[in-house]
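Since the model is a prediction, treat every value here as computed from it, not as a measurement. FYI, side chains are in, hydrogens and waters are out, and symmetry mates aren't considered; it's all heavy atoms of this structure.
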Amino acid sequence: MEIAISTGNLAPFGFCTRPLSSNFTGTSVSALGFVLPGGKCPALASRSRICSTKASVAVEDKVQTRTALIRIGTRGSPLALAQAYETRDKLIKSHPELAEEGAIQIVIIKTTGDKILSQPLADIGGKGLFTKEIDEALLNSEIDIAVHSMKDVPTYLPDKTILPCNLPREDVRDVFICLTAASLAELPAGSVVGTASLRRKSQLLNRYPSLKVLENFRGNVQTRLKKLNEGVVQATLLALAGLKRLSMTENVTSVLSVDDMLPAVAQGAIGIACRSDDENMIKYLASLNHEDTRLAISCERAFLEKLEGSCRTPIAGYASKDEDGNCIFRALVASPDGTRVLETSRKGPYAFDDMIKMGVDAGEELLSRAGPGFFNQ
């Protein structure tokens, strides 16, 4: 286990910002660029290069003089750290006593999914690869809370742990990133798109069968963009939520609608776990929970659990609130090659029991329509 403790803000990463590129169609936010001497970020002259600044973690050499009130466990990727710092900042805002130096520590834990990058996730265990070691640290009282990307969290939780908190959900959409084309439709036949997601691969090939997909296109956001710069692929697809949290939206070529690319279950959501008997942490997390997000994630995960989904099965699900306050749940399963895509939807009250029922019911329908063997391909 690798542990680093930091109580600072995101400044140790060497982040700098600049105006958002005009080809981003979403809301105006800042972007991460290359850091030059003096801390300046050069303007992006053209789309001939994607920004892929590497982040690093500041590790304190000195032993802290006080015991932290909260130790936050997280993976060490730039995105995971951004999520941990977001959690820390929200805790401090809600609980002024946590603003004191050393009150909160960030503990970096390297997971199996971070260590093995040469193989597809499905080949090395699928779900849980990015949470197992963090769960163990939580159960061993080496950390007090664990911050996860919810789409990495299995539908089951380890005994003696709970996940009572979801932070407000970010944008759920996927994005297209390319140096030479403005959209997927403009990519020439035979172009190679890199993605480690079977969900993205199947929906992509279903709509654009002339394209090719480079699987096992793994690594953090910076690594994937570097591969794109080097010409390993002609394009890639990433989650907009992660790019926003990293202030890297200038790299976006176009944003895909949920009609074109239904998101992964729990995409864009952060979940925070703690031990089930830790009343202090439960109280802290209760103050951060965003109930609308928690309900939507519960609906989507109920669907996923019904399907017993794994990394070998392309599955998508998205629960949202419509203008009348009702829940709209859309779900999809597909064959890995995209030749067969099954979709369904549900509408009902935006309430826990109703939304769980919608997720389960949608899962049962797609299981029935898919038939035997569909999920074992």
Step through it carefully: locate the ring centre of F329, locate the ring centre of F303, and say whether they are under 6.0 Å apart. yes

Is it the case that the side chain of D171 and the backbone of L240 share a donor-acceptor pair, with hydrogens and angles ignored and the cut-off at 3.5 Å? no

Correct closest heavy-atom pair for V341 and A334 would be CG2-CB, 3.8 Å

So if I apply the side chain to side chain contact (heavy atoms under 4.5 Å, CB included) rule between M261 and each of V255, L332, L237, which one comes out positive? L237

Taking the side chain as C-beta and beyond, is there a heavy-atom pair between T339 and N206 under 4.5 Å? no

Evaluate the side-chain proximity of L163 to M150: yes if any heavy-atom separation is below 4.5 Å, no if none is. yes

Cluster question for you: counting only ILVMFWY and a side-chain heavy-atom cut-off of under 4.5 Å, with indirect links fine, are F176 and V193 together? yes

For Y284, does its backbone N or O pair with a side-chain atom of S287 as donor and acceptor, under 3.5 Å? yes

Indicate the atoms forming the closest heavy-atom contact of A239 with R200, along with that distance. N-NH2, 3.3 Å

Check whether R301 reaches the backbone of V153 with its side chain - one donor and one acceptor, N or O, closer than 3.5 Å. yes

Between K321 and C327, is there a side-chain heavy-atom distance shorter than 4.5 Å? no

Would you find more than 12 non-hydrogen atoms of other residues, nucleotides or ligands less than 6.0 Å from E279 atom CD? no

With the 4.5 Å side-chain cut-off for hydrophobic clustering, are Y208 and L256 part of the same group? yes

Measure across A266 and I297 and return the closest heavy-atom pair with its distance rounded to 0.1 Å. CA-CD1, 3.5 Å

Rounded to the nearest 0.5 Å, the OG1 atom of T293 sits from the CD atom of E170 at a distance of 10.5 Å

Check the hydrophobic clustering (I, L, V, M, F, W, Y; side-chain heavy atoms under 4.5 Å; chains of links allowed) and say if V213 and L225 are grouped together. no

For R224 and L238, what are the C-alpha separation, side-chain angles and deciding distance, and is it a side chain to side chain contact (heavy atoms under 4.5 Å, CB included)? CA-CA 9 Å; R224 298 186 201 194; L238 296 174; 3.8 Å; yes

Okay, side chain of T161, backbone of L157: is any donor-acceptor separation there less than 3.5 Å? no

Looking only at heavy atoms, the pair that brings A137 and I109 closest together is CB-CD1, 3.5 Å

For the side chain of S202 and the backbone of L198, is there at least one donor-acceptor N/O pair under 3.5 Å apart? yes

Going by an N to O cut-off under 4.0 Å, is there a salt bridge joining K227 and E230? no

Lys/Arg N to Asp/Glu carboxylate O, D292 vs R169, below 4.0 Å: no

Let me confirm one number: the CG-CD1 distance from N251 to I177, rounded to the nearest 0.5 Å. 5.5 Å

Beyond-backbone contact of V175 with T253, side-chain heavy atoms, under 4.5 angstrom: no

Polar side-chain atom of S335 near backbone of R340 as donor-acceptor pair, under 3.5 Å: yes

Going only through I, L, V, M, F, W and Y residues with side-chain contacts under 4.5 Å, is there a path from I92 to I72? yes

Under 4.0 Å between a Lys/Arg side-chain N and an Asp/Glu carboxylate O for E133 and K110? no

I'd like to know if D144 and R275 make a salt bridge, using a cut-off of under 4.0 Å between side-chain N and carboxylate O. yes

Are side-chain heavy atoms of P158 and L139 found at a separation under 4.5 Å? yes

If you take all heavy atoms of T236 and G194, which pair is closest and at what distance? OG1-O, 2.7 Å

Keeping the roles fixed (side chain from D278, backbone from C274), state whether a donor-acceptor pair exists under 3.5 Å. no

Indicate whether the side chain of Q267 and that of D174 have a donor and an acceptor atom separated by less than 3.5 Å. yes

Inspect the contact between D260 and R173 and indicate whether a charged nitrogen and a carboxylate oxygen are less than 4.0 angstrom apart. no

Here the gap from I328 atom CD1 to E323 atom CD, rounded to the nearest 0.5 Å, amounts to 10.0 Å

What verdict does the salt bridge (charged side-chain N to carboxylate O under 4.0 Å, His left out) test give for K347 and D354, after you've listed the backbone C-alpha separation in whole Å, the side-chain angles of each residue and the deciding distance to 0.1 Å? CA-CA 9 Å; K347 181 177 180 178; D354 297 278; over 6 Å; no

Carefully, step by step, assess T180 and Q234 under the rule side chain to side chain donor-acceptor pair (under 3.5 Å). CA-CA 8 Å; T180 58; Q234 281 72 63; over 6 Å; no

Do the side chain of T195 and the main chain of S197 share a donor and acceptor less than 3.5 angstrom apart? yes

Could you check whether any side-chain N or O of R245 sits under 3.5 Å from a backbone N or O of G268, counting only pairs where one atom can act as donor and the other as acceptor? yes

List the steps, then state whether side chain to side chain contact (heavy atoms under 4.5 Å, CB included) holds for V221 with L243. CA-CA 8 Å; V221 171; L243 293 170; 3.7 Å; yes

D324 side-chain N/O to N326 backbone N/O, donor-acceptor pair under 3.5 Å: no

Quick one: which of E365, E364, E300 gives a salt bridge (Lys or Arg N to Asp or Glu O under 4.0 Å) with R346? E365

Using a 4.5 Å cut-off on heavy atoms from C-beta on, say whether the side chain of N166 contacts that of H290. no

Are L262 and I315 connected in a single hydrophobic cluster, I mean Ile/Leu/Val/Met/Phe/Trp/Tyr linked by side-chain heavy atoms less than 4.5 Å apart? no

Is any side-chain heavy atom of L367 closer than 4.5 Å to a side-chain heavy atom of V333? no

Non-hydrogen atoms of P188 and L211 that approach each other most closely: O-CD2, 3.6 Å

Looking at CG of N229 and CG of L179, how far apart are the two atoms once the value is rounded to the nearest 0.5 Å? 6.0 Å

Do T87 and L167 come close enough that some side-chain heavy atom pair is under 4.5 Å? yes

Atom CD of E186 and atom OG of S191: how far apart are they, to the nearest 0.5 Å? 11.5 Å

Apply side chain to side chain contact (heavy atoms under 4.5 Å, CB included) to residues K151 and V265 and explain how you reach the verdict. CA-CA 6 Å; K151 68 177 182 179; V265 165; over 6 Å; no

E142 bridged to R71 by N-O distance under 4.0 Å: no

If you apply the rule side chain to side chain contact (heavy atoms under 4.5 Å, CB included), what do you find for H148 with I134, and how did you get there? CA-CA 9 Å; H148 298 297; I134 299 176; 3.8 Å; yes

Rounded to the nearest 0.5 Å, what's the gap from NZ on K306 to CD1 on I356? Could you check? 12.5 Å

